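A short worksheet on the structure shown next.
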Amino acid sequence: MSKVITPREQDYSKWYNDLVKEADLADHSAVKGCMVIKPGGYAIWENMQKVLDRMFKETGHVNAYFPIFIPKSLFEAEEKNAEGFAKECAVVTHYRLKSSPTEKGKLIVDPDAKLEEELIVRPTSEAIIWNTYKGWIQSYRDLPILVNQWANVVRWEMRTRLFLRTAEFLWQEGHTAHATREEAIEETTKMLEVYADFVENYMAVPVTKGIKTANERFAGADETYCIEALMQDGKALQAGTSHFLGQNFAKAFDVKFADKTGKLDYVWATSWGVSTRLMGALIMSHSDNNGLVVPPKLAATQVVIVPIYKGEEGLKTITEAVKPLIQRLRDKQILVKLDDRDTQRPGFKFAEHELKGVPVRIGIGERDLANGTIEVARRDELTKEVIALADAETYIEQLLIAIQDNLLNRARERQKRLTTEVDTFEEFKKVLDEKTGFIYAHWDGTPETEEKIKQETKATIRCIPLHNKQEAGVCVYSGKPSQQRVLFARAY
RNA sequence: CGGGGUGUAGCGUAGCCCGGUAUCGCGCCUGCUUUGGGAGCAGGAGGUCGUCAGUUCGAAUCUGGCCACCCCGACCA
């Protein structure tokens, strides 16, 4: 049991905060609502980026970069989108400071340096990008455009939580332009699949794919697809979104193309993104009271070797002895680190690497050297065993795969356990309060009912699952007829 | 933006009611002994008590303003 982390059962959100801080993932910064992502956290984000970036390239996308500032006139062009974000925009109004005439050493905003047009700090980049695409697109030969950008965005949130909701966050946003509606929809669902693949197979977090209701839809989109994950406390977390934007932005920015017959039409668009919020999903899916648990496929260090020794000579002997093992592990592309600090004792290192979630720990001391063995501890199950040094690399290679599988399976079982079908509103509220988790219930399809359920229970419709089973029933709230169950949950 | 709370060493805190220059733990530094699950002992360093003003011989403590942060709500990836 960790000495520094509040137990999960005692206070879940404190547990989360402790974890983020103690595992060196991130810190609160001097700027309200903004975080400092520390090397330990950034390394995991970098690994996420690497994998996702490769997946984007494999699906034909290229990276580009657009400005962080968006002139207000561009921003307001697509009305629904602008309205949707208006309440949380940071705005640049001036371009210069000057020394205060009254207070020495203080700076004031120079009133003479007011911008003619205010600049919005991007909460998302559709506006600036579609303004740019206008110049890139004339004919069907210019399509499709499949561009992604890795960037920071700012949304002035009132209440923030490290990784889950911060005023500034890192993400990627794909923005594509297509000649046909069908092609754009195909792109939207294709990228949703990419996200689901990544989140399940790399983060080991199972997701439910679906479509958002009109209430929950991205402002400016015709349809929003999403992946929803379930956290250990039974709350849902939206892990990624992919939007079919129809011709809304093309119309707002007057982006037309000539088809083969010379006929002009507006371009069809998509946008899709995942953010550093995925870090929150990762943390809350696998970690325990001893600290973080990182899936091997995203760990910055997959295996750490802790030498157990007496005196300087002892350390030297073991360091020499593990060199071949390190090489053999590296030959198998395993990320291994030798913790040869002589300022920390082994017990401390065990606890520390556990706290930081290193998937596999090897302990090796004089006794092992004599016996030709090593001690292998796995983070996910907190078990240890002694194995032969001789073919350790094969064993560990398999173990890393086993840990990755185990994390996904555990998370799948939890999601299954915390998923309930209900048929009455009483049952709905009872499950929500006592069992929590995903709830499948019939809904009459109206925004009014959705809103009332939200007001009364704080639960929202997370999505209408893709390929949803069609079955006749009655809405749990209104009793009106319904053709399918939708996914409800309280959410982050 | 509403409602509540808190600011004392890097972190967590005692002291405040009842004024006399600050307590303890963790961490940090030095030395010795240690090293197979967060070491022990000894010594040491570190604080404009959030900030500005007022009351007083004297303010962490009393009074007022300001600032910051946290929690709960409305909003949200």
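By convention in this document, chain letters (A, B, ...) are assigned in the order of the sequence lines, proteins followed by strands, and residues within each chain are numbered from 1. Values below: every heavy atom of this structure, side chains too, minus hydrogens, waters and symmetry copies. Small disclaimer: the values here were computed from a predicted structure and weren't measured.
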Anti/syn call for B:rU33, syn if |chi| within 90°: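 Chi for B:rU33 falls in the anti range.
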Work out how far the [atom1] atom of [N] is from that of [M], and round it to whole angstrom.
{"N": "B:rA60", "M": "B:rU48", "atom1": "P", "value": "12 Å"}
{"N": "B:rG44", "M": "B:rU34", "atom1": "P", "value": "24 Å"}
{"N": "B:rC29", "M": "B:rC18", "atom1": "C1'", "value": "40 Å"}
{"N": "B:rC16", "M": "B:rC24", "atom1": "P", "value": "16 Å"}
{"N": "B:rC17", "M": "B:rC72", "atom1": "P", "value": "32 Å"}
{"N": "B:rC32", "M": "B:rG36", "atom1": "C1'", "value": "23 Å"}
{"N": "B:rA59", "M": "B:rG5", "atom1": "P", "value": "28 Å"}

Min side-chain heavy-atom separation A:Leu355-A:Ile5 under 4.5 Å: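 A:Leu355 vs A:Ile5: side chains touch.
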Shortest side-chain distance from A:Tyr309, nucleotide among B:rG38, B:rU35, B:rC75: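 Nearest to the side chain of A:Tyr309 among the choices is B:rU35.
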Atom-to-atom span, CG of A:Leu164 to C1' of B:rC75 - whole angstrom: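 Whole-Å distance recorded here is 16 Å.
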Gap between atoms CD and P, on A:Glu22 and B:rG38 respectively (whole Å):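 One finds 18 Å between P of B:rG38 and CD of A:Glu22, rounded.
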Whether A:Ser242 side chain and A:Thr188 backbone form a donor-acceptor pair below 3.5 Å: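 Side chain of A:Ser242 to backbone of A:Thr188: a pair is present.
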Listed partners of A:Asn152 passing side-chain hydrogen bond (donor to acceptor under 3.5 Å, both in side chains), at least two apart: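 Per chain and number, A:Asn152 pairs via side-chain hydrogen bond (donor to acceptor under 3.5 Å, both in side chains) with A:Arg122, A:Glu168.
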When we call it a touch if two heavy atoms are under 4.0 Å apart, what does [X] touch: a base, just sugar-phosphate, or nothing?
{"X": "A:Arg361", "value": "base"}
{"X": "A:Gly311", "value": "base"}
{"X": "A:Gln344", "value": "nothing"}
{"X": "A:Thr166", "value": "base"}
{"X": "A:Phe169", "value": "base"}
{"X": "A:Gln238", "value": "sugar-phosphate"}
{"X": "A:Leu237", "value": "nothing"}
{"X": "A:Asp368", "value": "base"}
{"X": "A:Ser275", "value": "base"}

Per-nucleotide protein contact string for nucleotides 66-74 of chain B (B base, S sugar-phosphate only, - none; heavy atom under 4.0 Å): ---SS-SSB
Side chain to side chain donor-acceptor pair (under 3.5 Å) evaluation trace for A:Trp272 with A:Thr270: CA-CA 7 Å; A:Trp272 29 273; A:Thr270 83; 3.3 Å; yes
Residue matched to B:rC41 through Watson-Crick or wobble contacts both under 3.5 angstrom: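 Matched B:rC41 with B:rG31 under the 3.5 Å cut-off.
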Between A:Phe488 and A:Phe438, ring centroids under 6.0 Å: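 No, they do not, as the ring centres are separated by 6.0 Å or more.
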B:rA39 phosphate, OP1 or OP2, under 4.0 Å from A:Arg345 side-chain N/O: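 Answer is yes, contact under 4.0 Å.
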